[in-house]
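Here is the structure we will look at.
Here is how names work: the chains are called A, B, and so on, in the same order as the sequence lines, proteins then strands, and each is numbered from 1.
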Amino acid sequence: MSRLIQNSIRNTLFRLKPPPSITLSSTLTNNLSTSPEPSPEPPLDETSQSSAIWNVIIGRAGDNRVVSEDEVFHRLSDDPLCKKVNLSDTLLHKLLHRFRDDWRSALGVLKWAESRKAHKNNPTEAYDTAVDILGKAKKWDRMKEFVEKMRCDKAVTLNTVAKIMRRFAGGGEWEEAVRVFDRLNEFGLEKNTETMNLLLDTLCKEKRAEQARAVLLELKAHIKPNANTFNIFIHGWCKANRVEEALWTIQEMRGHGFRPCVISYTTIIRCYCLQCNFIKVYEMLSEMEANGCPPNSVTYTTIMSCLNAQKEFEESLRVATRMKRSGCEPDTLFYNCLIHTLARAGRLEEAERVFRDEMGSVNTSTYNSMIAMYCHHDEEDKAVELLREMESLKVCEPDVHTYHPLLRSCFKRGDVVEVGRLLKEMVTKHHLSLDESTYTFLIQRFCRADMCEWAYCLFEEMISQDIAPRHRTCLLLLEEVKKKSMLESVERIEHVMKTVKLTAPVK
DNA sequence: ATAGGGTTAG
């Protein structure tokens, strides 16, 4: 379903526009900054190689046809620039990933890649990806064809099998997933507890706990389940919001001589959290302690995150206190959550203390929480200071979320020059590409700042980047360009709204 | 792939 939508977006987008030139926000950043620096011409690095190939593949001259894999193959083979490209395994992987929703192009790229290197090193990974892409597109026959070829080459690994089973189960073909398990020996793999768990987990993750149960009953005589097996089921039942069955699985687990572990309990706690049944959450916590299975950092972080989602920050901090009292060893994800909680509770100094003195290792998320906190309390200087610290310490790199609060502050101050400067920094210094949420956010803010020309610019760029705008974003922008009588833009937006499958508003 | 982050409100 989602593949169909994405494909239709892609195809529709290509109909709308001549080949996109991937010049990220360049007009915008140059025009908004007071002193536009001349950007030096980059050498043909991996990114530009990738862009070159990308442009060839999607550079169809405004026609409506869906391009076949052979056509993609020929275009790439015939293009002079692509002939010069040094096709490494990493680049191939990147390309396949980029075409993960477009199996025709992906197969064309793979065929071209194979033609380029007669003595290839290790095709298995690319094949695994191809199988995955075909499975995602529910091109079962083509997928099976690939698998057969891999079987003859003795190239099927556990990873391959996992992908096939997952795609079958996810596509509603769970019987086929079971059949893959039945054929494991043909692939040179063994039917054992590990591979059985793989199948069961696949089924459970694709919301087929019932079927997984049936499979287990059938296989039980030949393959012994282990503790993981039961945890997989606990997760499966919780995912289906059937906590009763999850609790019953704990008993079943005991019946097989396994003791429920911290993972078993934490999974159920998370389920109660999502139901907002905090009475049961605390009951379960006590039960864990009583059963000699003390909660760990994951357990506490899970509870705190759920409380935070309910804006129960003080209660969340009480959970953190309880954790510290218990002597449980905190980890980075816990600290990130704690910092976020303290920030939202308005306790800046405490957050700073945790950040500076308590935490052993930090990551991008840690900085992001701190930066968001400073921006939220109008201490942008400190926020920028932390950004510079990230850049100089190089422990972790900024991402788009690092910049969101900073951008928000600029708009709040009405400093669009700074907006342009930051965008340029994101793109040129950190090689970040704007994502859907960033585009949406920027378009909204530019509209509100009565600068819908820039908003429209970003809208066009978004579409040329193959990112579908939200319905609400279109409506907002449409209203603004109408006010300014930007007739061509009005027409374009209306056309996009009619032809592109828009992203629904979140929640 | 046996468990756990966030964002955007006047």
Side-chain angles (χ1 to χ4, degrees), chain A residues 132 158-159 161-163 165-167 169-170 193-195 197-206 212 225-239 246 249 253 258 260-271 273-274 288 293 295-309 311 313 316 319 323 328 330-341 343-344 362-373 375-376 378 399-409 411-412 435-438 440-445 448 470 472-473 505-507:
Chain A
D132 199 43
L158 216 53
N159 189 29
V161 168
K163 287 199 154 94
M165 293 200 301
R166 186 193 142 194
R167 288 309 180 189
T193 307
E194 187 193 358
T195 46
N197 283 351
L198 191 63
L199 172 65
L200 297 176
D201 189 49
T202 306
L203 293 171
C204 283
K205 293 242 162 75
E206 299 298 342
N226 61 12
N228 297 3
T229 314
F230 295 99
N231 283 336
I232 287 166
F233 275 100
I234 291 171
H235 189 252
W237 293 124
C238 285
K239 190 170 173 132
T249 305
M253 192 171 181
F258 300 109
C261 68
V262 63
I263 296 179
S264 329
Y265 288 114
T266 303
T267 306
I268 294 177
I269 283 185
R270 181 174 147 79
C271 188
C273 278
L274 294 176
M288 288 174 82
C293 175
N296 64 15
S297 189
V298 179
T299 320
Y300 289 109
T301 309
T302 304
I303 301 171
M304 287 175 68
S305 300
C306 285
L307 285 167
N308 289 349
K311 302 213 183 300
F313 303 118
S316 181
V319 173
M323 159 158 163
C328 164
D331 62 8
T332 305
L333 231 50
F334 167 79
Y335 276 126
N336 286 354
C337 181
L338 176 60
I339 283 186
H340 179 246
T341 314
R344 295 295 302 266
V362 295
N363 59 24
T364 303
S365 284
T366 323
Y367 276 101
N368 288 358
S369 288
M370 292 296 293
I371 288 173
M373 175 180 81
C375 288
H376 194 259
D378 296 322
D399 61 15
V400 288
H401 302 292
T402 315
Y403 280 90
H404 279 190
L406 293 165
L407 288 165
R408 203 176 70 93
S409 297
F411 277 112
K412 208 168 147 191
D435 63 358
E436 190 268 339
S437 71
T438 312
T440 303
F441 167 73
L442 289 170
I443 290 171
Q444 268 178 25
R445 292 299 170 135
R448 203 191 307 172
R470 294 181 199 170
R472 277 166 55 182
T473 309
V506 188
K507 277 177 204 165

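In textbook terms, a nucleotide whose glycosidic angle is within 90° of 0 is syn, and B:dG5 is one such case.
The salt bridge (Lys or Arg N to Asp or Glu O under 4.0 Å) check on A:D435 picks up nothing, with sequence neighbours excluded. Judged as a salt bridge (Lys or Arg N to Asp or Glu O under 4.0 Å), and not counting sequence neighbours, the contacts of A:K412 are A:D378. Residues passing the salt bridge (Lys or Arg N to Asp or Glu O under 4.0 Å) test with A:R270, sequence neighbours excluded: none. Residues meeting the ring-ring contact (aromatic ring centres under 6.0 Å, His included) test with A:H404, sequence neighbours left out: A:H401, A:F441. Every residue meeting the salt bridge (Lys or Arg N to Asp or Glu O under 4.0 Å) condition with A:K205, not counting sequence neighbours, appears here in chain and number order: A:D201.
Atom CG in A:N159 sits about 10 Å away from atom P in B:dA1, given to the nearest Å. Look at CG on A:D132: it is 12 Å from C1' on B:dA1, rounded to the nearest Å. Between the CZ atom of A:F258 and the C1' atom of B:dT2 there is a distance of 14 Å, given to the nearest Å. Rounded to whole angstrom, the span from the CG atom of A:N197 across to the C1' atom of B:dA3 amounts to 16 Å. Protein atom CG of A:L158 is 12 Å distant from nucleotide atom C1' of B:dA1, rounded to whole Å. Atom P of nucleotide B:dT2 and atom CH2 of A:W237 are separated by 19 Å, given to the nearest angstrom.
With hydrogens and angles disregarded, a donor-acceptor distance shorter than 3.5 Å links the side chain of A:N363 to the backbone of A:T366.
Not a single donor-acceptor contact under 3.5 angstrom links the side-chain atoms of A:N231 to the base of B:dA3.
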Take nucleotides 4-10 of chain B nucleotide by nucleotide from the 5' end and write B, S or -, depending on whether a protein heavy atom sits under 4.0 Å from the base, only from the sugar-phosphate, or from neither. BBBSBB-
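The separation of B:dG5 from B:dA1, taken at their P atoms, amounts to 15 Å, rounded to a whole angstrom. Taking atom P on both B:dG4 and B:dT8, the two are 24 Å apart, rounded to the nearest angstrom.
If you check every strand for non-hydrogen atoms under 4.0 Å, A:D201 touches sugar and phosphate atoms only.
Counting only N and O atoms by type, the side chains of A:D399 and A:T364 include no donor and acceptor under 3.5 Å apart.
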